[in-house]
Structures are given as structure tokens and as C-alpha cells.
Number of protein chains: 2
Amino acid sequence: MGVKERRAREKEQLRQQILSAARELFVNEGYENVSMRKIANKIEYSPTTIYLYFKDKTDLLDSVCKETLLNLLNTLEQLKRNNTDPVETLRKSGRAYIEFGLKYPQDYKLTFVTRPQFQQGLGLDEGSVGEKVFNYLREMVSECIQQQIFQQVDVETTGQVMWSAVHGVTLLLIDFPDFPWTEKDKLIDTVIHTTIEGLKA
Amino acid sequence: MGVKERRAREKEQLRQQILSAARELFVNEGYENVSMRKIANKIEYSPTTIYLYFKDKTDLLDSVCKETLLNLLNTLEQLKRNNTDPVETLRKSGRAYIEFGLKYPQDYKLTFVTRPQFQQGLGLDEGSVGEKVFNYLREMVSECIQQQIFQQVDVETTGQVMWSAVHGVTLLLIDFPDFPWTEKDKLIDTVIHTTIEGLKA
DNA sequence: TGTTATACTTAACAGTGTTAAGTTAAATGA
DNA sequence: TCATTTAACTTAACACTGTTAAGTATAACA
């Protein structure tokens with residue numbers, strides 16, 4: 001009875017093949033500039049085959065994004081383990097978050113900007129990866145407050161302020177690559193530093 | 001010799017007609033979901049006529065956004081006149097910026113998120129309206145630094161940090177209306193306050 | 001070996017942005 | 001007033017897009 005298992009394995013393999021071909025093209029050429037035919041060409045199947053594995057183009061992108069968001073969550077979780085100072089952890093988390101956005105701008109924009117516009121509240125629904133990411137932020141902030149490092153005692157507001165800052169700088173750097181920004185690393189550090197100092201004051 | 005003038009006037013009129021039809025459709029249905037044929041239908045001209053007035057679809061988007069930016073600039077400039085305390089002016093400017101974004105969310109996203117995606121690195125070029133808006137921010141920040149209120153002395157970095165914060169919270173509020181935000185006014189005030197305090201520290 | 005189910009492809013539809021060529025009507029000059 | 005020029009606008013087409021209904025070939029099963 002190993003036939004069905006082998007078949008399922010083969011199917012999963014092709015699914016992954018499609019997914020990674022799509023990711024590579026999305027990242028390199030931008031979601032809008034990648035057609036289903038292009039993806040099909042890359043994996044040497046007909047375009048319609050993709051539809052046997054994914055509902056449509058947005059479903060494909062959705063799957064790509066989910067993977068990368070899980071990646072982000074992973075990166076953040078690891079950070080938490082190797083640190084004891086809550087402020088330092090928050091600082092590093094902020095950096096990791098921004099760097100993730102800059103590394104996968106398409107995925108970031110889709111999840112946090114594009115999708116919610118056309119599909120209300122996606123990305124942050126209960127049980128979604130997006131929600132888990134924000135829960136992580138809540139935890140980080142909560143520790144800073146518990147240790148009475150922050151003046152502001154409201155976990156929600158504090159988290160949202162932090163999120164605004166990192167979200168803002170991430171999108172600006174993505175969307176206006178030609179703007180004469182301060183040296184990128186300095187800007188990121190200053191944004192995080194300013195926000196944390198502001199929360200302390 | 002009034003013929004040429006009348007013709008020019010008529011041409012300008014149609015240009016404006018196209019522009020406002022495009023804005024309405026872009027805002028209501030999203031840039032991607034609006035075709036040149038749809039715009040043409042709305043104004044009851046053939047699709048190709050649009051190309052006599054605008055180079056291509058992104059040029060149309062560009063012109064729509066320029067109008068929006070002029071609007072924003074106007075709002076901000078008015079603020080400046082009625083204030084003497086630089087920090088207070090900066091605070092109010094930040095508020096006005098965010099409120100503008102929330103009042104015209106689609107226009108804001110079109111200008112600061114959609115447009116840069118489709119037209120690399122524009123809007124902030126020399127002489128552009130976008131540049132003027134950022135110059136306004138530079139001015140506000142510069143006064144705070146000159147009066148030695150801010151610790152950070154780099155006008156550019158300081159301005160960019162400020163922009164990141166207001167841009168971030170504006171987009172989050174627009175894109176995730178169902179998220180359990182802190183009361184909106186409190187969140188906005190806290191974001192601005194935190195950033196300014198962080199820059200003082 | 002014949003039947004059924006699975007995996008994949010072909011061909012097509014309705015739509016897109018954009019352009020070259022053609023048409024119509026108004027302005028101009030004799 | 002009438003032919004000519006010029007400007008405004010349209011028609012038809014191209015090469016693409018996402019997506020689907022219908023068809024084919026092959027592997028699995030009885």
C-alpha cells in the first residue's frame with residue numbers, strides 16, 4: 001500500500017518546486033511582473049498545472065508569504081532565548097523585524113500593506129502568523145514594563161508605538177530606495193533608539 | 001486671436017476631467033483594478049484619447065498623487081503661520097500629517113505606497129511637491145535643533161525618524177481598522193510624544 | 001486485459017496597456 | 001466662399017495577462 005504515499009510525496013515535491021520557483025521570481029522581479037506562464041516555464045510545466053496545486057496567483061503569493069513570516073517568527077524567537085536584558089532584546093527584535101522587511105520587501109508589503117486593503121484584516125486574524133508576530137512584540141514590551149524601565153505602563157499602547165516606528169521606517173526604506181536617506185544602519189538604529197528612549201522618558 | 005486660448009482652455013478642461021475620473025476610480029477600486037478602458041468609459045471618450053493627455057497609466061497616477069501632495073502641503077503650510085513654539089509646531093504638524101492620511105486614506109496610500117512601487121524613486125526628486133513636503137519637515141525639525149531642544153543634531157536623520165513614526169502609525173491605522181488599537185487619538189498622541197521625547201533625550 | 005482515476009496539456013475566453021493608422025471636424029489662408 | 005492644413009479623436013490591432021473547460025495520456029487497480 002505504499003503507492004498512495006509515494007504519489008502524495010511526489011505531489012508535495014512538485015508543490016514545493018512551484019513554490020520556490022514562484023518565490024525566486026517574485027523576489028527578483030516583483031509580484032506584478034511575474035506571470036503564471038513565467039513560473040510555469042521555469043518549472044517546465046504548463047501554466048494550468050499550477051492551478052492543480054494553488055487556487056490562484058494570490059494563493060501562491062500567500063503561501064510564499066506564510067513561509068517567510070514563519071521565518072521571521074523563528075528569527076525573533078531565537079533572539080529571545082539568547083538574551084536576558086529586556087531592552088536589549090527589544091532593540092534587537094526591532095532590528096530583526098526591519099531587516100526582515102528589507103530582505104523580503106514583497107512579502108512584507110503584501111502581508112502588512114497590500115492584503116489588508118483588499119481583504120479586510122487579513123494577516124492579523126486569530127491564529128495567523130501575523131498575530132503571532134504581534135504577540136511576540138507584546139511579550140517583549142511587557143517585560144520592559146514589568147521591570148519598570150518604561151514610563152508608559154500600557155502594554156498595548158507601548159507595543160503599538162513600537163510597531164508604528166519599525167513599520168514606518170521599513171516601508172519608507174522599501175518604497176523610496178532613491179531618497180537620500182541617512183546611512184541605512186544609522187537610521188534604523190536611531191529610529192529604534194529614539195522610540196525606546198521616548199518610552200523611558 | 002482668442003481661438004488658441006479657448007482651445008487650450010478646452011484641452012485643460014478635458015485633462016482635468018480625465019484626472020478626476022481617474023482619481024475617483026483609483027480611490028474607490030484600487031489602482032490595479034482600474035483599466036484605461038474603465039476611465040475612458042467614465043468620461044465617454046475612447047481609451048486612446050487618454051494617451052493624448054498622459055504618457056501612460058503611471059503618469060496618470062503620478063498626476064493624481066501630485067494633487068494630493070499639494071493638498072497636504074497646503075494644510076501644513078497653514079499650520080506654520082499660527083505658531084511660534086517649534087516643538088509645539090512640530091507636534092501639530094505630525095498630527096496634521098496623520099489626520100490627513102486618515103481623512104484621505106486611499107489618496108495617502110496611492111501617493112506613499114502604491115506610486116513608488118510602480119514608478120521607481122519618484123515624488124521626492126528635486127523641485128517636486130514631495131520634496132517640498134519633506135522640506136517643510138526639515139524646517140520644523142531644524143528649528144527644534146537650533147533652539148537646542150533636541151539632543152540629536154543631524155537634521156536629516158531627525159526628520160527621517162519623525163517621518164517614520166507618523167508614516168508608520170498612519171498606515172497601520174488605515175490598513176488594520178479591525179485591530180484592537182488603543183483609542184485612536186491617544187495612540188497618535190503617544191506616537192508623536194514618544195518620538196519627540198526620544199529626540200530630546 | 002479492460003476500466004477507472006490521476007496528472008497534466010491544449011485551446012480558448014475575456015481582459016490588460018499601448019500604438020499605428022485612419023477619420024472627422026474645425027481653423028486657416030486665398 | 002472654398003480648398004487646405006491642422007488638431008482632436010477613434011478604430012483596430014498587438015502582445016500580453018489570469019483563469020477555465022475540455023481533452024489526452026498514463027499509471028493504478030480489479
Within residues 14-23 of chain B: residues closer than 4.0 Å to DNA chain D (heavy atoms) = B:Leu14
Length of the line joining [X]:[atom1] and [N]:[atom2], which is rounded to integer Å:
{"X": "A:Lys38", "N": "D:dC16", "atom1": "NZ", "atom2": "C1'", "answer": "11 Å"}
{"X": "B:Tyr31", "N": "C:dG17", "atom1": "OH", "atom2": "C1'", "answer": "9 Å"}
{"X": "A:Lys11", "N": "C:dC8", "atom1": "NZ", "atom2": "P", "answer": "7 Å"}
{"X": "B:Glu32", "N": "C:dG17", "atom1": "CD", "atom2": "C1'", "answer": "14 Å"}
{"X": "A:Leu52", "N": "D:dA21", "atom1": "CG", "atom2": "P", "answer": "13 Å"}
{"X": "B:Leu61", "N": "C:dT18", "atom1": "CG", "atom2": "P", "answer": "12 Å"}
{"X": "A:Met36", "N": "C:dT9", "atom1": "CE", "atom2": "P", "answer": "14 Å"}
{"X": "B:Tyr45", "N": "D:dT10", "atom1": "OH", "atom2": "P", "answer": "7 Å"}

Side chain of A:Thr48 (C-beta onward), nearest among C:dT18, D:dT10, C:dT10 = C:dT10
Shortest side-chain distance from A:Tyr51, nucleotide among D:dG18, D:dC9, D:dT11 = D:dG18
task = Would you kindly check if the NZ (Lys) or CZ (Arg) of B:Lys80 is within the cone defined by 45 degrees around the ring axis of B:Tyr136 and under 6.0 Å from the six-membered ring centre?
result = no
note = A:Pro180 and B:Gln160 have their tightest heavy-atom pair at O-NE2, 3.6 Å
request  = Please report the shortest heavy-atom distance between B:Thr49 and B:Tyr45, naming the atom on each side.
outcome  = CG2-CD2, 3.9 Å
CD (A:Glu44) with more than 12 external heavy atoms under 6.0 Å = no
task = Inspect the surroundings of NZ in A:Lys66 and state if more than 12 heavy atoms from other residues, nucleotides or ligands are less than 6.0 Å away.
result = no
ask   = For the residue pair A:Phe26 and A:Tyr31, does the interplanar ring angle fall in the parallel (under 30°), tilted (30 to 60°) or perpendicular (over 60°) class?
value = perpendicular
message = Please tell me whether B:Tyr108 and B:Phe112 form a close aromatic pair, meaning their ring centres lie under 6.0 Å apart.
response = yes
query = With respect to the phosphate group of C:dA7, does any side-chain polar atom (N or O) of A:Thr49 fall under 4.0 Å of OP1 or OP2?
reply = no
key: C:dG15 OP1/OP2 closer than 4.0 Å to side-chain N/O of B:Ser35   = no
ask   = Does any N or O donor sit under 3.5 Å from an N or O acceptor when you compare the side chain of B:Arg37 with the base of C:dG15?
value = no
inquiry  = If you assign each of B:Lys57 and A:Tyr53 to its closest nucleotide in DNA chain C, which residue comes earlier from the 5' end?
reply    = A:Tyr53
